[in-house]
Amino acid sequence: MAANIFEAEPIEGKKKRFLTAAFPYPNSPQHIGHARTYSVADTYARYLRHLGYNVLFPMAFHVTGTPIIAMAQRIAEGDKGVIDVLVNIYGIPKEKLPELTDPKKLVLYFSQEIEQGMKEMGFSIDWRRKFYTFDPHFNKFIEWQFHKLKKAGLLVKGSHPVAWSLKLNSAVGSHDTKGDVDPEIEEVVAIKFPFEDAYLLATTYRPETLFGLTNMWINPEGEYVKVRDKNSGEPYYISRGTLDNFSAQLDVEVVQEGIKGDYFIGKQCKNPANGEEVPIFPATFVDVESGTGIVMSVPAHAPFDYVALRDLGKEDMIKKIIDVPGYDIPAKDIVEEMHIINQQDPKLEQATKRVYKDENMKGKMLVWKEGMPVKEAKEAVKEWLINDGKALRYYIIANGPVYSRAGDKVVVKLVKDQWFINYGDKQWKEKAYKCLDRMKTIPPETKQELRNTIDWLDRKACTRSRGLGTKFPFDEGQMIESLSDSTIYPAFYTISHLIKEFSPEELTVEFFDYIFLGKGEPINEKHEAMRKSFTYWYPVDSRHSGPDLIRNHLSFYIMNHVAIFPEELWPKQIVINGFVLMNGKKMSKSLGNILPLRKAIKEHGADIIRFSVVSGSDLLQDTNFNRPLVEGIKQRLAFFDDMLKKNSGNGNSFADKWIRESVKAKLSTLLDEIERLDLREISKKWFYDFYHELKWYSDVKNGKVELDDVFDKWLIVLEPLLPFFVAERKGEKAVFEPLPKAEPYDERVIAAMNVARELYSDIANLIHMMEEKGKGKPTKLTVVIPAVWKYELFEKLKAEKGNLKAVYADESLAQHKEKIARITKALKSKLYSIPALPTRELFKQALEEAAHLFTTFGELHIVSEGECQHEKAKASLPLKPAVILE
RNA sequence: GCAGGGGUCGCCAAGUUUGGUCAAAGGCGCUAGGUUGAGGGCCUAGUCCCGUAGUGGGUUCGUGGGUUCAAAUCCCACCCCCUGCACCA
C-alpha cells in the first residue's frame, strides 16, 4: 500500500475522527497478540473513512522506564531465558545481540521491527507523526504536563516504601528480579520489648495477641546485632540477616556485631503492653532472615509457638486471650487435630493459616477491650502501640526472599521526599466521573470497571531514580515514571510532525499553553498552525487498549485529561479488546507458543491474521488463534476468489434478487454494528453467512455468477476486514469509497428462497433416512404449496397475538376451525417474531429456479394444497411446505 | 478480605440488557456417506432422550426456591471458578 495515503491533515468543513491505540513498548518484537488491539483500531479507522470521516490514526513508541533497561542488561549479562526467546522464538541473529546491550539501540532495533510489522499488516497509520518518548521535544511536552499538574496542586511529596536492591541501588520491579517475581510489600508491626539497656524488636501481623505473650523466641544459632536509631537514639537488637531491610527504612548505626543467639537465651524481657517480665527461649523455627529474627510467642493462638513450647515441656504457661467459637485453645486444638509432632512439621504452615483465618473472622478479645472482634482489635492495638512509641511501622517483602537480578536480597526501602500525583483528590475524581458519564465505552461493561478504578486511585509515585524518559522538572535527579508520561500523549500526535521545526529550547510552558489551551499569542505561523491542528483533531474520539490497562493507564488517561484540558477536549470513547490465545492457551515464554507477528504474516498473509484476531470472538473475550480457524478463512477466501472470477454482469433471476435483498438486509444493521464495533457480527454476516448464501446461489444458477452490483457493495463492506484482498480487486482507492447506503428491502423474497433452501435440505435428509431404513429411493417428489387461507391465518394469529377467538371472528377463517385447532400449535411458536412470510408466488418462483437441484432426487411436481388429495398435503404450512415422496 | 467477571447440550463459545422465532448460533471433536488415486484435504448429513418418511413428545442452560400463561433470560439464597489490589509496563 502506498506509504502516504493515510497521512491526515485538517480539512476545513470535513468531520474528523481521531483514533489512538496504546503505543507499543519495544522491549522485544511483537507477537500476534499485540496485533489485536491495532487490528481492531485499524478496522474501525477504515470503517470511519468509508463513512466519510477525515481519520487520523497515529503511532509512536513508549520507551520510558526500567523494563527496557533491564532487558538490555539481561542481554549483556547473557541471561539464558531472555536470549533463548529472542534468538529461537523471534529469530534475531546472534550477532545482533551485542548491539542490543545499549538500551537506546535496543529500542531503535525493536521499534523498527515493530513498525515494519505494522506496515506489513496494512495498518492505516500516519507515520510522519511517529515519535519516541525520549525525544527532547516530547520531554518538553511532558514537562509542560507536570507544570500543569503542579499548578493545579496535584503533585505532593511524602515518604513511600518501595522494593529496593542495594546492589543495583534502585527500586526493583518484577523485571529486575530473578525468576521475574513481583516483590510484594507488606506492612507489619515491629514491637519493642525492653531488654537490658535496649529493645528486642519482634515483627508480627497480629499485634492484638501481644496480651497472650508468654515468652520470646530467639534462634540460639543465629547471629544478632545491636543497632541505634540515629534519630530517636533508641537501641534495638535484631538479627544480622535482617539488618539490610531495617537500615533501608531507618537511619541506624551498628553498635555491636557478632552477638550469638544464645546470649539472650534464659534471660528476661518486658512485655510493653503490660510490663510483665517474660523469659527468652530458644527455637529453631525462628528464621533469622525474615522479620527481625526475633519472634514473640503466643502459644494459645499460634501453632508454631504452641509446638515449640510443648517441645520445651512448658505447656502450662499458655495464656488464652481470644475466644473463638468451636475452639477451646485454638492453636492447641488444631495442632492436636492435625497430629503435628514437632517444630519441623511442614503442616504447621497450614495450621497457622487456619488459626489466623478463624480468629480473624470469628474471634473476640477476652482481654484489653473485652468482646472486641479480633479484626478491629488488630488495627486498634497497632495504632495504640505505634502512637505510644511501643512499636514501629515496618515493611517487609511478603513473598520473600526475592533476589534481584544482581543477586542480592530485595529489601523494602522507605523513600523520603517521594513525589506523588495525588489521584486521591476528591474534586479531581468528581471531574473524572463526569467525563466517564459522558464517555462511551465499548463494550459497555468496562465503564463500571473504570469507575471502580478511579474510586480507589490514590497517591501514585510519579518519579523514579533511573530509566529512560523525561527528567522530573522539580527535581532533576529524578526521572518521570513511565505510566505518568503516557497519559495525555495523544495530544502530542496532533503536532508531533510540526514541532520538529522548533528547537527543544523554544518549547517553554507558554509555548504549549498557547497550543493546547489557547493562552497568549502565537509566536509565528508555524506555532499557530499547531494550535489549529490540535483544535481540529482533539478530542480523541476513540482510544483502543487491552483490558490490563483499565487499572492503570486508562484511568490515568482520563484523570490527566480532565485535570489539564477543558471539558470539550475530554476523551469521548474507550474501546477494550481481549487477548489472543494460541490453541486455547495463553502465549508465554515458558510454553514456547509465542507466534511472532512478522513470522505469522509471512506464513498466512496479513489479511488472515487481521481477520482471525478480529472476527473470532466478542470484543472483550480472548480470541483463539489456531490452524482450523486459519484454514477455514483461507478456504473461504479461495471460494470467494473463484466466484469473483466467474462473475460477470448483473443477473435478474429470482436467485439474483434474493442475494440482493439479503445484502440489503445485512446493510440495514451495519451502521449499528460498526457503532458497537461488533466485528464478530459483521464478519459472521458478510463473510461466513454470505459464503453459504453464495454457495446456494451458485448451485441454483448452475455455476453462473452475475452479481456485479452485489460484489461491488460487498467488497467495500469487507475492505476494513480484508484490506489486501479487496485492494487487489478494487484498487487502493477502495479505501475511501463510501459505504453502501441502507435501503428498504423485501423480507419476503429472502424468506422465499430460504424456505426453498430448507426444503431442499429436509428432502435430502428424508431420503437419507428412508434409504437407511431400506424403504428405497423415491422417484417422484411433490411439493405442496399451502392453501391461501393458511397465510391469512398466520398473519391473523400474529396480529392477534395468538388469540384464537379473534381469529375465528374472521368468517373466511372460521370455516377452517377444525383444521386450525390442529395446526395452531405448530404455528404458535413462530408467532411472536416471525420473519415475513414468503407469498405463494415468491415461493413458487424460488422453487422453480432451484428445481434442477430438486430433480436430482426425482421428478419434481409443484402443486397447490387444494389440488392434492394426499393426506400429508394437509400438513403444509407457509414456512414449512409439505413434500410427498413416492 | 475488597472489587470486577463468569459457570450454557463432549470441548470452545453465542444467547441474558429488551422473557416468547431457544432443544438453544457458530467452531472443534465424534459418526455416517460422498469425493477415482498421497497430503495436519474437501463436501453433505447427524450428534440430549424417545418416536417418526419432516411439523410430535420428554428432560435440559452451576444448585435450590420464587415471579409469570411463558424463564438460559427477571427476583432471592447458596456453591464453585477466574482476574485485579498499584507505584510496574
Side-chain angles (χ1 to χ4, degrees), chain A residues 22 24-25 27 62-68 70 160-163 171-176 182-185 357 360-361 375 415 418 420-421 423 444-446 448-453 455-464 467 481-484 486 547-553 555-556 581 583-584 616-618 620-624 626-629 631-632 635 638-639 680-681 684 688-689 695 758-759 761-773 775-776 778 801-802 822-823 825-835 872 875-877 879-886:
Chain A
Y25 193 79
N27 64 343
H62 191 211
V63 300
T64 313
T66 48
I68 280 174
H160 179 60
V162 291
V172 290
S174 57
H175 50 268
D176 295 311
D182 193 27
E184 291 167 33
I185 294 170
K357 194 177 172 193
N360 196 38
M361 301 290 283
K375 235 176 166 174
V415 179
Q418 169 70 51
F420 296 88
I421 299 178
Y423 289 118
E445 306 90 270
T446 48
Q448 187 57 37
E449 214 171 322
L450 278 165
R451 186 181 305 279
N452 292 339
T453 305
D455 254 348
W456 72 242
L457 275 182
D458 204 352
R459 300 190 318 170
K460 156 143 184 85
C462 60
T463 64
R464 297 206 64 175
E481 176 275 331
S482 56
L483 285 176
S484 304
S486 53
D548 50 332
L549 297 187
I550 292 178
R551 290 267 143 192
N552 41 57
H553 163 72
S555 306
F556 301 151
L581 305 176
N583 295 309
S617 73
D618 281 358
L620 194 53
Q621 282 292 326
D622 289 351
T623 191
N624 196 5
N626 55 36
R627 189 108 206 161
L629 174 74
E631 292 301 330
Q635 180 254 318
F639 171 80
R680 175 196 171 91
E681 186 68 14
K684 182 177 175 283
Y688 292 103
D689 291 352
K695 270 194 112 143
E758 267 173 51
L759 185 66
S761 92
D762 275 357
I763 293 173
N765 217 341
L766 267 177
I767 291 175
H768 181 73
M769 200 186 277
M770 287 167 77
E771 279 183 324
E772 248 180 15
K773 302 212 167 171
K775 300 201 176 175
K801 306 211 164 179
R822 249 201 339 242
I823 61 175
K825 212 179 166 190
L827 285 172
K828 229 177 175 175
S829 66
K830 302 189 185 299
L831 281 181
Y832 294 92
S833 51
I834 48 158
K872 285 194 176 292
S876 197
L877 291 173
L879 290 172
K880 206 82 183 168
V883 60
I884 300 154
L885 306 179
E886 24 196 13

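Computation of the quantities below employed the complete heavy-atom set of this structure, encompassing side-chain atoms and omitting hydrogens, waters and symmetry-equivalent molecules. Lettering follows sequence order; numbering is per chain, from 1.
Pair assignment for B:rG41 gives B:rU35, based on Watson-Crick or G-U wobble hydrogen-bonding distances that are each under 3.5 Å. Searching all strands for a Watson-Crick or G-U wobble partner of B:rA71 with both distances below 3.5 Å returns nothing. Base pairing of B:rA77: its partner is B:rU63, meeting the Watson-Crick or G-U wobble criterion (both donor-acceptor distances under 3.5 Å). Remark: B:rG1 base-pairs with B:rC85. Criterion, Watson-Crick or G-U wobble with two distances under 3.5 Å. The partner of B:rG46 is B:rC30, by the rule that a Watson-Crick or G-U pair needs both atom distances under 3.5 Å.
Cation-pi geometry between A:Lys695 and A:Phe639 is satisfied (NZ or CZ under 6.0 Å from the ring centre, within 45° of the ring normal).
Note: CZ (A:Phe639) to C1' (B:rG41) measures 18 Å, nearest angstrom. For the pair A:Asp182 CG and B:rA89 P, the interatomic distance rounds to 11 Å; values are reported in whole Å. The distance between atom NE2 of A:His62 and atom C1' of B:rC88, rounded to the nearest whole Å, is 11 Å. Nucleotide B:rG84 holds its C1' atom 15 Å from the CG atom of A:Asp455, rounded to whole Å.
Among the protein residues, A:Arg680 comes within range of the nucleic acid bases, having at least one heavy atom under 4.0 Å from a base atom. Residue contacts shown for A:Thr66 are limited to sugar-phosphate atoms, with no base heavy atom under 4.0 Å away. Residue A:His160 is classed as a base contact, given a heavy-atom separation below 4.0 Å to a base. If you check every strand for non-hydrogen atoms under 4.0 Å, A:Pro881 touches a base. In this structure, A:Asn624 reaches neither bases nor backbone, as no heavy-atom distance under 4.0 Å exists between it and the strands shown. As judged by a 4.0 angstrom heavy-atom cut-off over every strand, A:Ser174 is placed among residues making no nucleic acid contact.
Spacing of C1' atoms, B:rC61 relative to B:rG6, comes out at 14 Å, to the nearest Å. B:rC9 and B:rC48 have their C1' atoms separated by 6 Å, with the value rounded to a whole Å. A distance of about 32 Å separates the P atoms of B:rU55 and B:rG7, rounded to the whole Å. Taking atom C1' on both B:rG51 and B:rC28, the two are 30 Å apart, rounded to the nearest angstrom.
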What nitrogen or oxygen pairs link the protein and nucleotides 1-9 of chain B at under 3.5 Å?
{"from": "B:rA3", "atom 1": "O2'", "to": "A:Asn452", "atom 2": "ND2", "distance (Å)": "3.3"}
{"from": "B:rG4", "atom 1": "O2'", "to": "A:Glu449", "atom 2": "OE1", "distance (Å)": "3.4"}

Atom pairs under 3.5 Å, N or O on each side, protein against nucleotides 45-47 of chain B: can you list them with distances?
{"from": "B:rG46", "atom 1": "OP1", "to": "A:Asn765", "atom 2": "ND2", "distance (Å)": "3.3"}

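Among the nucleotides B:rA86, B:rU44, B:rA89, the one closest to any side-chain atom of A:Asp458 is B:rA86. In this structure, the nucleotide among B:rA89, B:rC87, B:rC43 sitting nearest to the side chain of A:Pro67 is B:rA89. Minimum atom distance to the side chain of A:Asn552 is reached by B:rC88, of the listed B:rU44, B:rC88, B:rA86.
Heavy-atom distances to RNA chain B give each of A:Gln635 and A:Phe556 a nearest nucleotide, and the one nearer the 5′ end belongs to A:Gln635.
For A:Gln448, the side chain to side chain donor-acceptor pair (under 3.5 Å) test picks out A:Asn452, with sequence neighbours left out.
Ring planes of A:Phe556 and A:Tyr423: parallel class, angle under 30° (limits at 30 and 60°).
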